[in-house]
There are 2 protein chains.
Amino acid sequence: MHNYQALFDYVQKLSGKTLSADDQQVFITHFKPKKIRRRQYFLQEGDVCKYTGFIVKGAAKTFTVDEKGHDHILKLSVENWWLADFESFYKLTPSRFNIEALEDMEILQITHSLVEEFIKPIPAFSAMQNVLSQNYTIAAQKRMQSSISQTGEERFQELVNDYPHFIQRFPQNLIASYLGLTPETLSRIRKNSLK
Amino acid sequence: MHNYQALFDYVQKLSGKTLSADDQQVFITHFKPKKIRRRQYFLQEGDVCKYTGFIVKGAAKTFTVDEKGHDHILKLSVENWWLADFESFYKLTPSRFNIEALEDMEILQITHSLVEEFIKPIPAFSAMQNVLSQNYTIAAQKRMQSSISQTGEERFQELVNDYPHFIQRFPQNLIASYLGLTPETLSRIRKNSLK
DNA sequence: AAATACACTTGATAAAGATCAATTTATTTT
DNA sequence: AAAATAAATTGATCTTTATCAAGTGTATTT
């Protein structure tokens with residue numbers, strides 16, 4: 001028995017619209033439950049991102065690997081987030097990113113063409129998409145501003161304020177990578193800011 | 001005589017749809033031409049961003065000022081871009097940003113409620129919005145990745161490749177600020193990379 | 001329980017970038 | 001054209017962050 005309710009709640013909350021029983025059936029028909037175990041990849045660099053997944057349970061990281069073999073975490077995703085490299089998903093081009101499960105995950109996944117054909121026509125869904133893309137734009141802008149105008153310490157403090165559960169949930173080396181810092185530097189920042 | 005044609009071309013190009021004569025008339029009725037002179041502000045920090053503007057001619061910078069009085073340029077905008085702090089524009093909250101004309105500008109501006117009531121119902125426009133928000137999301141992701149994983153020199157090279165006209169058009173101190181560097185650092189980077 | 005891997009910390013050193021000050025070169029403005 | 005303003009460069013120094021190496025503690029595996 002899979003938890004589609006989380007998805008329904010999410011769509012209804014963001015859109016402000018109700019999903020009829022028929023609408024819900026369309027979701028159940030086209031979104032496929034999938035389990036992804038810790039360390040397993042949802043997407044590998046070079047592959048096309050065929051699916052987007054709604055996270056019912058678990059967490060994942062989206063990251064690149066540079067020439068020196070170092071990871072850089074672009075995104076940390078948890079319950080009620082959508083998993084995908086949207087550039088690759090929309091344009092069907094090979095992705096520059098990897099997406100890997102940090103914990104065992106349960107997702108509901110679907111292809112781009114099924115979204116376009118069956119899901120987008122549902123008004124609550126397309127309304128949700130609009131809200132979501134606004135939210136993304138706003139969040140991206142805020143993060144970019146921090147990145148060009150703040151020190152590592154300030155960015156860390158902002159993360160603690162904005163997403164306190166991230167600090168609890170993810171090891172410090174992942175937080176460091178997300179902030180664009182090395183683990184050593186974040187360790188020292190935390191030590192100094194305890195004063 | 002104002003150049004609405006640039007706006008029509010843009011909407012049609014991005015949406016892949018045609019604007020009827022009636023549609024075009026709706027645009028002309030609700031988008032108001034406005035001239036903004038160099039150094040003039042389109043938006044001041046603390047104000048609500050009541051308008052969004054389509055840039056027909058000219059260029060602008062979106063920036064914040066930190067406690068030390070230093071500018072940080074978040075965005076450089078030129079012809080065929082939309083001017084606004086979208087967070088403030090959508091939510092009607094006071095903006096954290098300033099938007100200032102870098103050259104004399106001609107824009108076509110409109111309020112949020114007029115967009116919602118008259119412009120969004122035009123299919124070509126809402127299709128354009130969808131394409132645009134995809135493009136924004138993709139560009140924001142790319143810029144964020146550069147920011148956390150590349151040095152100033154690499155980010156500069158990427159800017160030269162991706163937006164060569166920016167380098168021509170804007171003074172180097174603005175480019176530096178956009179990249180999150182001081183003008184001195186960018187000057188040295190350029191000097192070293194000439195070798 | 002031992003072995004292995006992972007996460008975190010600390011120290012020493014190096015590199016990237018910021019700051020402050022002075023000078024030169026361009027661009028506007030009058 | 002002269003004066004004023006803005007932009008770019010250079011040098012000296014300081015701060016922030018990365019790198020490399022070693023050591024400690026904590027989970028996972030086997």
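By convention in this document, chain letters (A, B, ...) are assigned in the order of the sequence lines, proteins followed by strands, and residues within each chain are numbered from 1. Because the structure is a prediction, the values reported are computed rather than measured.
Contact between the side-chain N/O atoms of B/Lys68 and the OP1/OP2 oxygens of C/dT19 is found at a separation under 4.0 Å. In this structure, B/Thr185 does not reach the C/dG17 phosphate: none of its side-chain N or O atoms is under 4.0 Å from OP1 or OP2. The side chain of A/Lys191 places an N or O atom within less than 4.0 Å of a non-bridging phosphate oxygen (OP1 or OP2) of C/dT10.
Using modelled atom types, no side-chain atom of A/Lys17 and backbone atom of A/Leu14 make a donor-acceptor pair closer than 3.5 Å.
Across all strands, A/Pro171 comes closer than 4.0 Å only to sugar-phosphate atoms, never to a base (heavy-atom distances). At the heavy-atom level, B/Leu186 lies nowhere under 4.0 Å from the strands shown.
The distance between atom CD of A/Gln172 and atom C1' of C/dT9, rounded to the nearest whole Å, is 9 Å. The CG-C1' distance, from B/Asn173 to C/dA26, rounds to 12 Å in whole Å. One atom, CD1 of A/Ile167, and another, C1' of C/dC8, lie 15 Å apart when rounded to the nearest Å. Here the C1' atom of nucleotide C/dA26 and the CZ atom of B/Phe170 are 19 Å apart, to the nearest Å. The distance from atom CD1 of B/Ile189 to atom C1' of C/dA18 is 12 Å, rounded to the nearest whole Å. Computed from coordinates, the B/Leu179 CG to C/dA18 P distance equals 11 Å when rounded to whole Å. Put simply, CD on A/Glu184 is 13 Å from P on C/dA7, counting in whole angstrom units.
Of the residues near DNA chain C, B/Gly152 and A/Pro183, the one whose nearest nucleotide (by heavy atom distance) lies more toward the 5' end is A/Pro183. Both B/Ser187 and B/Arg39 sit near DNA chain D, but only B/Arg39 has its closest nucleotide nearer the 5' end.
Bounding nucleotides for the chain B contact on DNA chain D, 5' to 3', at a heavy-atom distance below 4.0 Å, are D/dA7 to D/dA12.
Aromatic ring centres of A/Phe63 and A/His72: separated by at least 6.0 Å. Centroid-to-centroid, the aromatic rings of B/Tyr10 and B/Phe54 come within less than 6.0 Å.
If you check the side chains of B/Asp9 and B/Gln5, you find a donor sitting under 3.5 Å from an acceptor. A donor-acceptor contact closer than 3.5 angstrom is absent between the side chains of B/Glu153 and B/Asn192.
B/Lys35 has its side chain within reach of B/Glu106: a pair of non-hydrogen atoms, C-beta onward, lies under 4.5 Å apart.
Under the 6.0 Å distance and 45° angle rule, B/Arg155 does not count as a cation-pi partner of B/Tyr178.
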